[in-house]
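Note that the structure is predicted; figures quoted are calculated from it, not measured. Below, chains carry the letters A, B, ... as their sequence lines are ordered, and counting in each starts from 1.
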2 protein chains.
Amino acid sequence: MSTRSRRSTEADVVAAQIRASGARATPARIRVLQLLRAAPAALTHHDIEQALGDAMLDRVTLYRVLDWLVESGLAHKNADASRVFRFSLAAPGEHTAHAHFRCDDCGKVYCLDDAPPPPPALPQGFQLARMDVDLRGRCATCAEARA
Amino acid sequence: MSTRSRRSTEADVVAAQIRASGARATPARIRVLQLLRAAPAALTHHDIEQALGDAMLDRVTLYRVLDWLVESGLAHKNADASRVFRFSLAAPGEHTAHAHFRCDDCGKVYCLDDAPPPPPALPQGFQLARMDVDLRGRCATCAEARA
DNA sequence: CAGCACCTGCAACATGGTTGCATGTGCAAC
DNA sequence: GTTGCACATGCAACCATGTTGCAGGTGCTG
């Protein structure tokens, strides 16, 4: 089946990427990395568990896979506004600044990739590695619904 | 004693503010609100417990006081990078944008109040209420230690 | 195909936050 | 000043998220 060979191929690519980072290409890692690659936004541990569905792996294993992803620089880990960690693929260079807009009404989070704000001035000697901008207010939909 | 009357006066002001919001002026609320007013930065639940010292109140009561402060618009609640909530006085307008720098090495957090970055462009119809900027990298001390 | 290092799963734990319920107290009416 | 009631507090138990230790399984290399 074409579906199956497509899947295999993609998994192979991912597996190669994993091995390139000096680790073992295990099903757990392959699946999680594939998921993160396909995700349009940062995922929580819970999101991933859900997405894995029947192919679920142990809670702890998932935490460890995610930690390993972060350690090896393949992913980023962020605490979101409701104090749960979110994981997203590490961008290869360009994605160091990221802006989110969270609607106080509907709770939806929007990614504002197109508007990378300039980093503010830092004190002498500080080295900036990453920047996250967290905006809050009302999104267009909710603002209109309320008008 | 002058200390005592000074204390009373300040507490009175705070109590009045509390009552103005339609709630009871209880010792717990007065103390917490006074603390937040005096704090230069956002405090965690733990910070507040420490600061209260001998005048400590119950964990749960503190949570409820803080929630009430947020509900009544007197304070803001934010999850910081290590996924604990931080509380700060609601600013009357000027303090809506806030920038933090967290050092990946030593974990210390610096407040960059002096450099309020301009808010990025938002999509049509979005209403911005508050903005937090989370910068990461190495602080001057750690950068030097590593050089 | 054998061995070892690394990975996984389970169970127990830690921390931060929340809920239910009985008791206490600020405040206002008298 | 006393009384009453609604609201606030304290306690204990609970929940969710994340972490640690350890025994057993498995990808990789030789």
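- Taking 4.0 angstrom as the limit, B/R19 places a side-chain polar atom (N or O) nearer than this to OP1 or OP2 of C/dC27.
- Regarding contacts with the backbone of C/dT18, every side-chain N or O of B/Y63 stays at 4.0 angstrom or more from both OP1 and OP2.
- The shortest heavy-atom contact between B/A15 and B/I30 is CB-CD1, 4.0 Å.
- Each of B/A23 and A/R86 has a nearest nucleotide on DNA chain D; the 5'-most of these lies closest to B/A23.
- Under 3.5 Å, the side chain of B/R59 and the base of C/dG17 form at least one donor-acceptor pair of N or O atoms.
- Judged by distance alone with a 3.5 Å cut-off, no donor-acceptor contact links the side chain of B/R83 to the base of C/dG16.
- Following rounding to the nearest Å, A/I18 (CD1) and C/dC7 (C1') show an atom-to-atom distance of 12 Å.
- Remark: P of D/dA16 and CZ of B/F85 are 15 Å apart, rounded to the nearest angstrom.
- The CZ atom of B/R31 sits 11 Å away from the P atom of C/dG26 (whole-angstrom rounding).
- Distance, A/E71 CD to C/dC7 P: 11 Å, rounded to whole Å.
- Contact annotation: side chain of B/R24 to base of D/dC7, donor-acceptor pair present below 3.5 Å.
- B/D47 approaches B/A42 most closely through the heavy-atom pair OD2-O, 4.4 Å.
- Take the nearest nucleotide of DNA chain C for B/H46 and for A/P27: the residue whose nucleotide is more 5' is A/P27.
- Atoms CG (A/D67) and C1' (C/dT8) sit 15 Å apart, rounded to a whole Å.
- A cation-pi geometry, defined here as NZ or CZ lying under 6.0 Å from the six-membered ring centre and within 45° of its normal, holds between A/K77 and A/F85.
- Nearest nucleotide to the side chain of B/A25, out of C/dC27, D/dC11, C/dC10: C/dC27.
- In this structure, the CG atom of A/D58 is 14 Å from the C1' atom of D/dG24, given to the nearest Å.
- Minimum heavy-atom separation, B/R29 to B/W68: CD-CZ3, 3.7 Å.
- If you check distances only, the side chain of B/R29 never reaches the base of D/dA8 with a donor-acceptor pair under 3.5 Å.
- The residue A/R64 sits close to a base: some heavy atom pair falls under 4.0 Å.
- In terms of heavy-atom proximity, A/L62 sits nearest to A/E49 at CD2-CG, 3.8 Å.
- Across all strands, A/V60 comes closer than 4.0 Å to base atoms (heavy-atom distances).
- For B/T26 and D/dT9, the shortest distance from a side-chain N or O to OP1 or OP2 is below 4.0 Å.
- Between B/P27 and B/R31, some side-chain heavy-atom pair lies under the 4.5 Å cut-off.
- Rounded to an integer number of Å, the gap from A/D47 CG to D/dT17 P is 11 Å.
- Going from atom CH2 of A/W68 over to atom C1' of C/dC7 covers 11 Å, rounded to whole Å.
- With distances taken from any side-chain atom of A/K77 to the nucleotides C/dG17, D/dT19, D/dC11, the minimum falls on D/dT19.
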